[in-house]
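Okay, so here's the structure we're looking at.
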Amino acid sequence: MTHPHLALVGPTASGKSAIALEAARILGDVEIVSVDAMQVYRGMDIGTAKPSPSERAAVPHHLIDIADPWEDWSVVRFRDAAREVVADIEARGRRALLVGGTGLYFRAVVDPLEFPGEDRRIREEIDAEGPTSALYGRLAAADPRAASRIDPANRRRIVRALEVIKVTGRLFSSFGPGLDSYGDPVIPVAIVGTRSDADRLRQRIHDRLIDMRATGLVGEVQALLDQDRPLSRTASQAIGYAEVIEHLEGRLTEDEAFAVAERRTRRFARRQRKWFERDPRVQWLEIENPSDGVASALECWSSCHTSA
RNA sequence: GGCCGGGUAGCUCAGUCGGCAGAGCACGCGCCUGAAAAGCGCGGGGUCACCGGAUCGACGCCGGUCCCGGCCA
């Protein structure tokens with residue numbers, strides 16, 4: 001676990017997948033590990049922009065299609081599965097290339113974040129106990145450090161902190177160094193993207209939504225709804241899926257659903273870009289053309305290796 | 001042509017009795033350790049269609065002009 005990871009992270013629709021495939025072809029000994037909260041779900045293919053069957057045949061991909069859409073998913077489930085897969089790849093003498101845009105999942109795999117246990121029942125009890133301001137007051141009294149890092153209006157985080165205190169008997173702020181502290185400083189990572197050209201990513205997002213619509217996203221969502229089990233809380237909030245469900249249940253027109261999904265994708269991409277920009281290990285790649293991006297990525301990875 | 005309604009932030013609109021121009025969304029900046037494609041905080045943006053009038057003071061009242069929508073002819 002002390003060796004550097006190979007990784008390509010960055011906003012959705014920035015071209016990570018194509019560059020990863022090209023890099024894998026060139027390097028020859030790498031397998032791709034998807035770092036994506038929604039590609040884990042079987043049956044959610046079009047809207048999550050999963051790699052195609054032929055792409056997955058050309059290079060081994062992992063952590064795609066490992067859960068059913070009625071299962072709740074979580075960062076800890078992902079981290080445990082990812083570490084197992086990476087260890088297995090390395091045991092076979094190959095290298096793992098982490099590719100994806102789910103920032104917290106990436107950090108959980110690569111950095112020593114410590115996730116205190118959860119208890120859904122206790123969480124729901126706390127959530128039912130009163131207004132956000134009262135819960136925040138309790139947290140501020142019990143764990144001032146944690147309270148100082150959580151916004152007084154952010155009910156979900158406040159409830160979670162109180163849950164951890166109740167379940168573990170320890171202060172929420174006593175768990176790990178937090179997101180501010182980065183583990184291995186020599187891990188080379190690349191953010192693929194469009195720092196200098198936001199309009200371009202915007203256009204790519206627009207085109208991608210049109211493409212998903214043409215490829216049959218509505219039908220895919222209908223098939224998910226036709227299953228005998230309802231979509232889980234986590235699966236049902238996927239961008240594109242949530243909006244098409246609204247459409248199929250009659251609350252939005254199809255045009256409206258795709259317009260909302262596009263706006264939400266733009267906001268998501270911005271949040272992803274911000275997340276990865278904060279990570280000092282991440283280096284930008286411009287993607288004027290795929291071969292350029294691959295060359296830059298390989299150069300970064302090899303130079304970071306030799307200096308490590 | 002007549003009558004009625006409307007014109008306020010990029011968009012949709014609110015604006016009480018005339019007293020410092022507002023909300024939601026968009027956009028930007030930031031936070032966030034078991035939902036993370038989730039959750040949350042902050043704020044940059046205005047010739048209140050235009051011209052004139054009364055008033056200490058007008059987005060608001062009075063007169064006129066232009067534009068949009070509806071009904072009537």
Side-chain angles (χ1 to χ4, degrees), chain A residues 9-13 34-41 44 47-50 67 69 71-81 100-124 127 132 135-136 143 145-161 163-165 167-168 170-183 198-199 202 205 208-209 212 231-245 256 259-278:
Chain A
V9 297
T12 188
S34 163
V35 184
D36 189 296
M38 295 301 166
Q39 288 186 357
V40 299
Y41 284 117
M44 295 172 61
T48 64
K50 268 180 205 166
E71 291 178 68
D72 272 333
W73 194 250
S74 76
V75 60
V76 168
R77 281 191 75 176
F78 182 85
R79 181 200 57 190
D80 293 347
T102 303
L104 180 63
Y105 285 14
F106 174 67
R107 296 292 308 276
V109 173
V110 155
D111 291 321
L113 300 184
E114 183 185 5
F115 293 90
E118 72 166 346
D119 186 322
R120 281 287 184 76
R121 195 179 52 80
I122 286 179
R123 184 184 306 177
E124 282 162 20
D127 196 32
T132 304
L135 295 178
Y136 187 74
D143 187 348
R145 267 183 67 207
S148 74
R149 292 204 296 246
I150 298 176
D151 191 277
N154 197 340
R155 185 178 184 88
R156 185 184 293 186
R157 301 256 80 81
I158 294 165
V159 170
R160 168 64 182 156
E163 171 200 352
V164 167
I165 292 169
V167 169
T168 66
R170 288 172 53 190
L171 295 183
F172 183 63
S173 57
S174 72
F175 286 91
L179 289 170
D180 285 339
S181 156
Y182 295 89
D199 288 343
R202 191 188 183 89
I205 289 170
R208 170 177 279 195
L209 265 293
M212 286 176 176
L231 289 185
S232 70
R233 183 177 56 172
T234 43
S236 62
Q237 61 195 196
I239 294 174
Y241 295 83
E243 292 77 18
V244 171
I245 289 169
E256 286 168 342
V260 172
E262 187 175 331
R263 282 203 302 272
R264 194 144 82 96
T265 305
R266 280 204 301 270
R267 270 202 306 258
F268 173 49
R270 195 161 50 235
R271 206 156 12 101
Q272 289 175 301
R273 178 169 54 81
K274 296 290 188 183
W275 178 282
F276 292 117
E277 277 175 351
R278 289 176 63 184

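The sequence lines fix the lettering, A, B, ..., with proteins before strands; numbering per chain opens at 1. Heavy-atom basis, side chains included; hydrogens, waters and symmetry copies ignored.
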Taking [M] as the reference, what is the distance to [N] when you measure between their [atom1] atoms (whole Å, please)?
{"N": "B:C32", "M": "B:U47", "atom1": "C1'", "value": "42 Å"}
{"N": "B:G46", "M": "B:C13", "atom1": "C1'", "value": "15 Å"}
{"N": "B:C72", "M": "B:G45", "atom1": "C1'", "value": "43 Å"}
{"N": "B:C48", "M": "B:C59", "atom1": "C1'", "value": "5 Å"}
{"N": "B:C71", "M": "B:G63", "atom1": "C1'", "value": "26 Å"}
{"N": "B:G57", "M": "B:A21", "atom1": "C1'", "value": "15 Å"}
{"N": "B:C31", "M": "B:G70", "atom1": "P", "value": "50 Å"}
{"N": "B:G15", "M": "B:A73", "atom1": "P", "value": "33 Å"}

All ring pair (Phe, Tyr, Trp, His ring centres under 6.0 Å) counterparts of A:F172, not counting sequence neighbours: none
Looking only at heavy atoms, which two atoms of A:T102 and A:D36 are closest? And how far apart? OG1-CA, 3.4 Å
Where do A:G47 and A:M212 come nearest, in terms of heavy atoms and distance? O-CE, 3.4 Å
Starting at atom [atom1] of [X], determine the distance to atom [atom2] of [N], rounded to an integer number of angstrom.
{"X": "A:R123", "N": "B:G39", "atom1": "CZ", "atom2": "C1'", "answer": "12 Å"}
{"X": "A:Y41", "N": "B:A35", "atom1": "OH", "atom2": "P", "answer": "11 Å"}
{"X": "A:Q237", "N": "B:C40", "atom1": "CD", "atom2": "P", "answer": "12 Å"}
{"X": "A:L179", "N": "B:C31", "atom1": "CG", "atom2": "P", "answer": "10 Å"}
{"X": "A:L135", "N": "B:C40", "atom1": "CG", "atom2": "P", "answer": "14 Å"}
{"X": "A:Y136", "N": "B:G41", "atom1": "OH", "atom2": "C1'", "answer": "11 Å"}
{"X": "A:F115", "N": "B:A36", "atom1": "CZ", "atom2": "P", "answer": "11 Å"}
{"X": "A:F106", "N": "B:A37", "atom1": "CZ", "atom2": "C1'", "answer": "18 Å"}

Looking at residues at least two apart in the chain, or sitting in another chain, which of them share a side chain to side chain donor-acceptor pair (under 3.5 Å) with A:R233? none
Sequence neighbours left out, what passes side chain to side chain donor-acceptor pair (under 3.5 Å) with A:T12? Give chain and number order. A:R208
Using a cut-off of 4.0 Å on non-hydrogen atoms, how would the nucleic acid contact of [X] be classed: base, sugar-phosphate, or nothing?
{"X": "A:G47", "result": "base"}
{"X": "A:D72", "result": "nothing"}
{"X": "A:R278", "result": "base"}
{"X": "A:R79", "result": "nothing"}
{"X": "A:T48", "result": "base"}
{"X": "A:P116", "result": "base"}
{"X": "A:Y241", "result": "nothing"}

Is the phosphate of [N], meaning OP1 or OP2, less than 4.0 Å from a side-chain N or O of [X]?
{"X": "A:R155", "N": "B:C40", "result": "no"}
{"X": "A:R271", "N": "B:G30", "result": "no"}
{"X": "A:K274", "N": "B:C31", "result": "no"}
{"X": "A:T102", "N": "B:A37", "result": "yes"}

Going by the angle between their ring planes, with limits at 30° and 60°, are A:W73 and A:F78 parallel, tilted or perpendicular? perpendicular
Per nearest nucleotide of RNA chain B, the residue lying toward the 5' end, A:Q39 or A:D151, is A:Q39
Closest to the 5' end of RNA chain B, once A:W275 and A:R264 are matched to their nearest nucleotides, is A:W275
Can you sort out the partners of A:R160 under salt bridge (charged side-chain N to carboxylate O under 4.0 Å, His left out), two or more places apart, ordered by chain and number? A:E163
Applying salt bridge (charged side-chain N to carboxylate O under 4.0 Å, His left out), can you list everything that pairs with A:R77, at least two apart in sequence or on another chain? A:E71
Please confirm whether A:R79 makes a cation-pi placement over A:F115, using NZ or CZ under 6.0 Å from the six-membered ring centre and within 45° of the ring normal. no
What about A:R156, does its side chain sit under 3.5 Å from the base of B:A36 through a donor-acceptor pair? no
Anything below 3.5 Å on both distances counts as a pair; with that, list the stems of at least three consecutive Watson-Crick or G-U pairs involving RNA chain B. B:1-7 with B:66-72, B:10-13 with B:22-25, B:27-31 with B:39-43, B:49-53 with B:61-65
Of the listed nucleotides (B:C29, B:A36, B:A37), which one gets closest to any side-chain atom of A:I239? B:A37
Proximity to the side chain of A:N154 - top-ranked nucleotide from B:G39, B:G41, B:C27: B:G39
Is a side-chain donor or acceptor of A:R155 paired with a backbone partner of A:D127 at a separation under 3.5 angstrom? yes
